[in-house]
Amino acid sequence: MKNDFTFAIIKPNAVKNRYIGQILAMINEAGFRISAMKMVKMTKPQAEAFYDVHKEKPFYNGLVEFMISGPIVALILKNDNAIEEFRTLIGNTDPVKAEEGTIRKIFAASLQMNAVHGSDSPENATIEASFFFSGFERFYS
Ligand code: UDP
Ligand code: MG
């Protein structure tokens, strides 16, 4: 077991398009257990802080505006090798390049509005999970 949890977001476009249920079903069917879940609308400073690693990127401002355009669903997901398993389930960042059957291939509207976020390392999963959830909000641990 390389790491046992990851942090995920169902992004505003997927919430607006009423895909929460279908995305959660795919997550559960892929073997993940939901350890924590909440729907929130991020403030601009929160979204800027969450995406701080991308602050020098040309897509940063657009990404922040998109992520505060509506509510999101924040999730902590448990599974063996959760980071890699979840990145496989969601597919490539760009839905045009994402593999058939992946969450982004099915639900993304564009490279920016790509339906879901998934942590890219155990260190970032820990930071991102703590950004949204206290220890009292996490189960199955
Ligand atoms: N993104 C974008 N334009 C780009 C690359 C990324 O708008 O050219 C957005 C997209 O929503 C992506 C997020 O920025 O999910 C974070 O980018 P990253 O490279 O970390 O991709 P991810 O880890 O989400 O696959
Ligand atoms: Mg990333």
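As the structure lists them, so they are numbered: ligands from 1, and atoms in each ligand from 1. Heads up: numbering here begins at 1 and tracks the sequence.
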#### Entry: Gap separating the CG atom of Asn92 from the CZ atom of Arg87, nearest 0.5 angstrom
9.0 Å
#### Entry: The one among Asn114, Asp120, Val116 that brings a heavy atom closest to atom 12 (C) of ligand 1
Asn114
### Message
One residue to check: His54. Relative to ligand 1, which of side chain, backbone, both or neither has a non-hydrogen atom less than 4.0 Å away?
### Response
side chain
### Message
If we set the cut-off at 4.0 Å for heavy atoms, which region of Met67 has an atom near ligand 1: side chain, backbone, both, or neither?
### Response
neither
### atom 9 (C) of ligand 1: nearest protein contact (heavy atom, Å)
Leu63 CD1, 3.8 Å
### Query
So, the side chain of Thr102 versus the backbone of Ala98: is there a donor-acceptor pair under 3.5 Å, distance only?
no
### Summary
Residue, atom and distance of the protein heavy atom nearest atom 24 (O) of ligand 1 read Arg104 NH2, 3.0 Å
## Note on the structure
Ranking Phe66, Phe59, Tyr60 by closest non-hydrogen atom to atom 1 (N) of ligand 1, top hit is Phe59
### Message
Restricting to non-hydrogen atoms, name the atom on Pro122 and the atom on Ile83 that form the minimum distance, rounded to 0.1 Å.
### Response
N-CD1, 3.7 Å
### Message
For Ser121, is there any backbone N or O sitting under 3.5 Å from a side-chain donor or acceptor partner on Ser119?
### Response
no
### Query
What do you reckon, does Lys11 put a non-hydrogen atom under 4.0 Å from ligand 1?
yes
### Message
Please compare Lys57, Met113, Gln112 and report which has the shortest non-hydrogen distance to atom 11 (O) of ligand 1.
### Response
Gln112
Extract all donor-acceptor atom pairs below 3.5 Å that involve side chains of residues 6-14 and protein atoms in other chains or at least two apart in sequence.
{"from": "Lys11", "atom 1": "NZ", "to": "Asn114", "atom 2": "OD1", "distance (Å)": "2.7"}
{"from": "Asn13", "atom 1": "OD1", "to": "Ala115", "atom 2": "N", "distance (Å)": "3.4"}
{"from": "Asn13", "atom 1": "ND2", "to": "Met113", "atom 2": "O", "distance (Å)": "3.1"}

### Task
Find out whether the Lys NZ or Arg CZ of Arg138 is both under 6.0 angstrom from the six-membered ring centre of Phe5 and within 45° of the ring's axis.
yes
### Task
Report yes if the side chains of Glu99 and Arg104 come closer than 4.5 Å at any heavy-atom pair, otherwise no.
no
## Note on the structure
heavy-atom search around atom 22 (P) of ligand 1 in the protein gives Thr93 OG1, 3.6 Å
### Message
When you measure from the heavy atoms of Leu111 to every atom of ligand 1, does any distance fall below 4.0 Å?
### Response
yes
### Query
Step by step, would you call Tyr60 with Tyr51 a ring pair (Phe, Tyr, Trp, His ring centres under 6.0 Å)?
CA-CA 8 Å; Tyr60 177 73; Tyr51 280 116; 7.7 Å; no
### Task
Measure the distances from the heavy atoms of Arg87 to every atom of ligand 1 and state whether one is below 4.0 angstrom.
yes
